[in-house]
Each structure stands twice: as C-alpha cells, then as structure tokens.
Asks: 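Sharing a structure below in structure tokens format, with a few things to ask.
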Amino acid sequence: MDSFFQTLNPSQLQAAQDTEGYLRVVAGAGSGKTRTLAARYLYLVEDLGISTANILCLTFTNKAAAEMKKRIRAHLPDQDLGRITTFHGFCVGLLKEDCHVVEYPSAFLVLDEEDKEAMLRRVFEDLGITGRDMTIQDAVDYIGWRKGGRGYVKTLIDPDLERLRDHEKQATTLKDKVLYRYFYEQRKCYGLDFDDLVYFTLYILEQDRSVREKWQHRLEYVMVDEFQDIDKDQYALADILSGYHKNLFVVGDPDQTIYTWRGADVKFLLEFDSRHPGTKTIYLNENYRSVPPVLAAANALIAHNRDRLDKKLVPVRAGTRKPLYFHAKNSQLEADWLTAQMRALHDGGMAYSQMGVLYRAHYVSRAVEESLIRSRIPYVLYSGVEFYKRKEIKDVLCYLRMLYSGDDVSFLRTVNEPRRGVGRRRIAALKEYAEWNQCSLFDALLANLETELFRRSRAREYVRLIEKYRAIYDQLDLTDLLSGILSESGYEAALRASGEEERLDNLAELKQAVYDFQLKAGEEVTLGNYLDHAALFTNMDQTERAEAVKLMTVHAAKGLEFPVVFLCGLSEGIFPGKRANTREKLEEERRLCYVAMTRARDRLYLSDAAGNNYDGTGRLPSRFLFNAGQENVDYVVPLDPELVDRAQNLISGTENLPPRVPREDPQIGKTVDHPVFGPGKIIGVPRDQSGYIIQFDRIPTPRTLSKNICLALLQ
C-alpha cells in the first residue's frame, strides 16, 4: 500500500488523504483522476478503517465503475465493492430495499430502452396509432420531458389502476393518451425505466424521513466521479445522501463538460464551492498522457472560454512534435491526406489500432471511410453505422436504384418509406401476384393500383414519383435529381417533422458526396456511374478487427486515448456546428474540441477542407484552429491571407469580439482629396475588404468608400 501512495504526486496525495467535509477536485484531462479516486477509497478503508459498506462511489458509466473496482480489488481482493456503482445502479439497490414505501414489490422490473420501446409499440397498437400520427421516438421524448418535473411519481404509484385509465380517457391530446397508457402498462407490471430509477429514489428520500436518515447515516463518505457530466437530479441525490455527515467529494473538469444536451451544466462544478460553504478545492494539473506541444495547443484553445476555472495542464512526458495541420482543397483530398499519414506511420512500425480518427458528427466520416477503403486500410466505426450502411442513406440510394433498375429489394425498401399504407398485407398480395405472373413487384403494383386492396393506400403517389423521374432522370443533373426525389417523396420532410437532425445531416452529406462525385467525373457522369461508385462502398465487408483504425465522434471518444489522433472536419459550420448560435453553445463546442485534442498521446493531426458545400456556401477553417495559436501548430500549407481574414472576421462577428486588426494594406496611412468631403486619410479596411475606411478632416466620423474611388482620390 505504501508503494501505491508513493506513486501519487503531491496534489493527488492531498486529494486522497483530505477526507472530511466538502472537497472539489478539478482534474484536468490525463491527470490521473481514476488513480486518485482509487487511492482515496483505499486510504479510507485501509488506513482509516472505514467499512466499504459506508462508502459510496458514484460513477457516470458502468465502464468507469468496473475500472475503479479492478484497481481496488488488486489491493482489497476480499472486500465487497458493491457501492462502487453508477447512479442508476445505486438507485436500483436503494429501491430493492425501500420501494415498499411507495407500495412497489422489491422484485420490480427494470425496463431498458428496448423494453420501453416494445411497451410503447403495444400501446400504439392498442390505441390504433400509426407512424403518421406519432413516432415511437416522439413518444419516448415526450414521456421523458413529462417525467422531468418528478411530479408524475404520485400518479404512477397510484395503486388504483382504473384511475390511470381515467387519466387516459380524459386526456385531450394524443401524446397525453399515450403517456397515461404507458403509465398504466408500467404500473401493471411494476416496471421502472431508467428515468424512474432516479426520480423514484429522490421521491422516497424526500418524502420519507426515516428512509432518508437511514441512508444518510449509513453513507459516511460519498464520492462522485465525472461531476461535470451529472444532471440536476443526480446532483440533488448526491447532496441528499451526504446531508448528514457532509463528506462529499466531487471530481471532474469543467473544461470537459460536453453533455449539456442531456442535462449537464458546467456551473455545477464551477459554483460547487458557493453552494457548499467551506469547500476545499484541489487542482490536478499534471498531465501524464500528452506530449507538451499537444497540451500547448489544447491550453491555448480552452483559454478562450469564459465559463471555466483558470487552470493549465502541465506536461509530464517529453516530446517536441507540434500538432500538424493540413488545409485541403476539398473533402476527398483531406481524407486522402489523412490516409497517407496513416500509411506512412504504419510503414514506420505503428499499428493501425493505435490511431484514432475523431470528428464532430457521424456524417463527416463519409469521405474518410471512402479513402480508407480505397487505400485498403482496415477500420472500425465506433458508436455508429458506416456511412453507406446508415438507414437513410440506403433508403435514398434505393430510391435512385428504383429509377435505374426497379429491383425488388429497392422496391421493398422504398414503397412504404415514408409510410404510404403499403404494409405487410398488401406486400404479401404483391409478392403472390408477382410470383404468379413472373413480374417485378413494381409491375405487380401497377397492375393492382385500382383494386380494392390498394385504392385506400397512397401507393399511387409512389408510382407517380417513380414514373415521373424514370422518364427524365438521364436529362437531369445528379444533384437536382437527388433533391427532387428527397423533396417529392416526402422523405426529407418526414425526417424534419420528427426532428431527426442527425439523419438530415447525413442526407446533406450524401448531397455533398453526389456533388463531389459529379465534379470529379465531369459532364458525362450518369446515374448508373454514381450507383456503381456507391456500390463499391455499400458492398464492402468491414469486419471489426483489433488491428484497425478507430473512427468515432468526439463524444464517443470521451475517456479514451490514442498514441495518434486525427481530428478532421475542422470547418466553420461543422466544428463548431452550425447550431452553435449562442456563447454557451459555442463554449461547449470548444470544450468538445479540447476533449478531442487531449485524447492524443504522441501526435495530433488537424485537418479541414476548402471549397463549397452542396448549397453553394463557402467553407472556412474553424475558429478552433486559430484559438489553438499558430505558434503551437505546424501548417503543412500556409493559409491564404485573404482566407484568414475572412475566417477571423466571421469569428469576430459571431463572438462579439473586437474586429481583428486587418493585415497591413499599403494604402493605409495615405491621404486623399475628395471633391465633396475634402482632404482625409485612409485609416483601415472594412471586414468585407470591399474598400477603404477614411477619416476626413472636416467630418467627425470616418466614411467607407469603394476601392476604385479611393485609388482615384489618392494624392
């Protein structure tokens, strides 16, 4: 045990041994947070003699809890470590012991997400609800929102099931009818979903003093990992449980708060000391993961945020290689540069499994995946589906195939997507007709449109769409063809109506892929050419092998590290995302970029692509590249000064910062003589570079004139 504590630095040792009262540990990326938590737990048990039954250590994920237990079991092999657990895991344990307070049996059923959706599908079937009325995801989101206030618990614990049915009958909206029927189904089987676990626990602790005091007295020390990721209800739970002994230890990093969309708030950690008088704060700033140049860029980046505690990561490891930045002319060249670097590293002896490719959103992976496949570099996509295997991409490609080949596979995928009332019964009838008449399913539909079975469906809309574009697809620009199909099929509108933002982003990237392919192939490109091109990727069999490059979003990379990180898609509108339209959202995007950079141990590669998006808008390098400091990054290709000016002016305008001082123009400082305004001096250049700003002697405020006029007036 002594040897274990000797491995701690002074700040880690202080955090491990300062056991009484409120303690906030601000632990930077790679600073040994898990080691410190384990050391504190061991100190409490081995040195102070505290029973493991009286220590609660709450983690954010099962993986984090398992890692904690693994480290502690190496020193305490025979101890019960059941109270090293997630918030939800602890709540299950408390409810098993005390749910009798709300008249639930200890053998209540925990409903996972799949159980919840299956239960909602039964509710939809019972109430006669179709996807045209509401989607399962709509229902899940609405139920989660209604449960957020916690007032629903009284309704759900009502032992009179008929009262729940009465609520359903009296509901004035379809969403509320679904809500109360879902409550009824839950109550009938004593089922609790993940939201209920925390809300029921809080309800019992707040309503029953004897249960609250029992747990408060029992839990002498409460520790919370990743405190920057918890929501307000988890915060309330930690506060209640530590309310008697007031020994609450929280550890986290406000600079890594990246889950505000699910309830996290950077202020929970920033303001912890003001909410808990007497709080001690310890900083863990020594970084054991990344080389100094990577940390220099990350420190410079995050310093631009206002909502943070002033700290800097201090490197422990040695290294001199700065992050390398490449500005490509287009997305394909960006991806090809990335794969060329990977190939060179691999040829130099580095395993592909030591490389991670990170991006802001899944759709950014498309160009990288294509380049990896062409280069025959093995890869694994984490927390997502390969671009050309994503449902919406396959759906739309099948629409295009219906125009080109009309195959039965494409027909079955598209005829009822979005829903047109062509369900299993009608499909079965078409299959029987097609088999009997030796024809395609589409031809079978054409032959049966006027029958009673299909007259009430919207199959005719589908037929009109396919026949219209079959007649003209070879005369249309590919991007126009794709846009027409997405619009007139109702596919894009259906995604927009259901709020499927990520799927819409993927469709936008598909449009970009078609645009890029068309640009490269030239005027002679055909629909058949593109479908053949796409098939090369959709038919690839990418097996998950250990010896493979890892591709993932930055959110999925949280808690991971790689010897080499490739951070791609660093363009305005991509990273930061186009919806980062407030200072708070922009700061979260910057924190996300900080998390991405600090995943790198030895080498960090940054990249973006110039050119135009499919909608004609130009791409600019991300502000995060400039935030990291040009002195901290090596540029493969120097950026054009005009491009830098445009990017910097955009940044100044969107962050309410003072405008950037323009690069020196040879005309600044020269005098002019205007026929009306009189003599003056050129003092600057406007943001759009369209002219010159002149301060005239006889006018108190400056005027902006066009370049041509100014040059003509120069003395």
Side-chain angles (χ1 to χ4, degrees), residues 300-301 303-306 325 327-330 570-587 589-590 593 606 608-613 615-715:
L301 168 78
H304 286 77
N305 273 11
R306 300 181 200 172
Y325 164 56
H327 175 71
K329 291 183 178 179
N330 56 53
L570 280 168
S571 298
E572 286 291 316
I574 298 177
F575 201 3
K578 57 181 177 289
R579 287 183 285 275
N581 53 8
T582 65
R583 180 178 66 82
E584 290 76 14
K585 290 179 181 178
L586 191 56
E587 291 206 355
E589 291 284 296
R590 190 175 284 112
C593 189
L606 311 170
D608 76 314
N612 292 324
N613 296 309
D615 59 2
T617 57
R619 286 181 176 171
L620 293 173
S622 170
R623 66 194 66 205
F624 300 152
L625 291 163
F626 303 112
N627 289 166
Q630 189 167 355
E631 69 280 7
N632 297 320
V633 178
D634 282 335
Y635 284 48
V636 175
V637 180
L639 288 177
D640 181 86
E642 185 175 345
L643 182 67
V644 174
D645 283 346
R646 285 170 53 210
Q648 293 281 30
N649 286 328
L650 172 68
I651 295 168
S652 297
T654 55
E655 296 198 39
N656 294 319
L657 301 175
R660 178 177 177 268
V661 176
R663 56 192 169 90
E664 193 64 32
D665 188 290
Q667 309 305 333
I668 293 176
K670 293 186 177 180
T671 57
V672 299
D673 192 4
H674 194 279
V676 175
F677 299 137
K681 180 183 290 187
I682 298 175
I683 62 171
V685 180
R687 285 184 178 179
D688 61 5
Q689 311 290 314
S690 61
Y692 291 105
I693 302 171
I694 303 175
Q695 178 64 65
F696 291 98
D697 297 349
R698 298 202 297 259
I699 303 175
T701 57
R703 297 290 185 267
T704 302
L705 304 183
S706 69
K707 277 191 176 180
N708 290 339
I709 293 292
C710 289
L711 293 175
L713 296 176
L714 283 171
Q715 295 179 335

Asks: How many angstroms lie between atom CG of D645 and atom CG of D640, to the nearest 0.5 angstrom?
Replies: 9.0 Å
Asks: Counting only heavy atoms not in K681 (residues, nucleotides, ligands), do more than 12 fall under 6.0 Å from its NZ?
Replies: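 No - once you tally the heavy atoms of other residues, nucleotides and ligands closer than 6.0 Å, there are 12 at most.
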Asks: Yes or no on side-chain contact (heavy atoms from CB on, under 4.5 Å) for H327 and Y635, after CA distance, side-chain angles and deciding distance?
Replies: CA-CA 8 Å; H327 175 71; Y635 284 48; over 6 Å; no
Asks: Within the structure provided, determine whether R646 and L620 are in side-chain contact (heavy-atom separation under 4.5 Å).
Replies: yes
Asks: How far apart are the C-alpha atoms of H674 and I694, what are their side-chain angles, what is the distance that settles it, and do they pass the side-chain contact (heavy atoms from CB on, under 4.5 Å) test?
Replies: CA-CA 10 Å; H674 194 279; I694 303 175; over 6 Å; no
Asks: Considering only heavy atoms from C-beta outward, does the side chain of Y325 approach that of L639 to under 4.5 Å?
Replies: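 Counting from C-beta outward, Y325 and L639 do come under 4.5 Å.
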Asks: Look up atom CZ in R306 and atom CD in E584, then write down how far apart they are to the nearest 0.5 Å.
Replies: 9.0 Å
Asks: When rounded to the nearest 0.5 angstrom, what is the spacing between CG in L301 and CG in N627?
Replies: 5.5 Å
Asks: Using 0.5 Å steps for rounding, measure from the CG atom of L650 to the OG atom of S622.
Replies: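 Reported value, rounded in 0.5 Å steps: 10.0 Å.
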Asks: Would you say that more than 12 heavy atoms from the other residues, nucleotides or ligands in this model lie under 6.0 Å from the CD of Q630, or not?
Replies: no
Asks: Calculate, to the nearest 0.5 Å, the distance between atoms CG and CG belonging to L570 and L606 respectively.
Replies: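 Rounded to the nearest 0.5 Å, the CG-CG separation comes to 6.0 Å.
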Asks: Would you call the rings of F624 and F575 parallel, tilted or perpendicular, where under 30° means parallel and over 60° means perpendicular?
Replies: perpendicular
Asks: Identify whether the distance between the nearest side-chain nitrogen and carboxylate oxygen of R583 and E587 falls below 4.0 Å.
Replies: yes
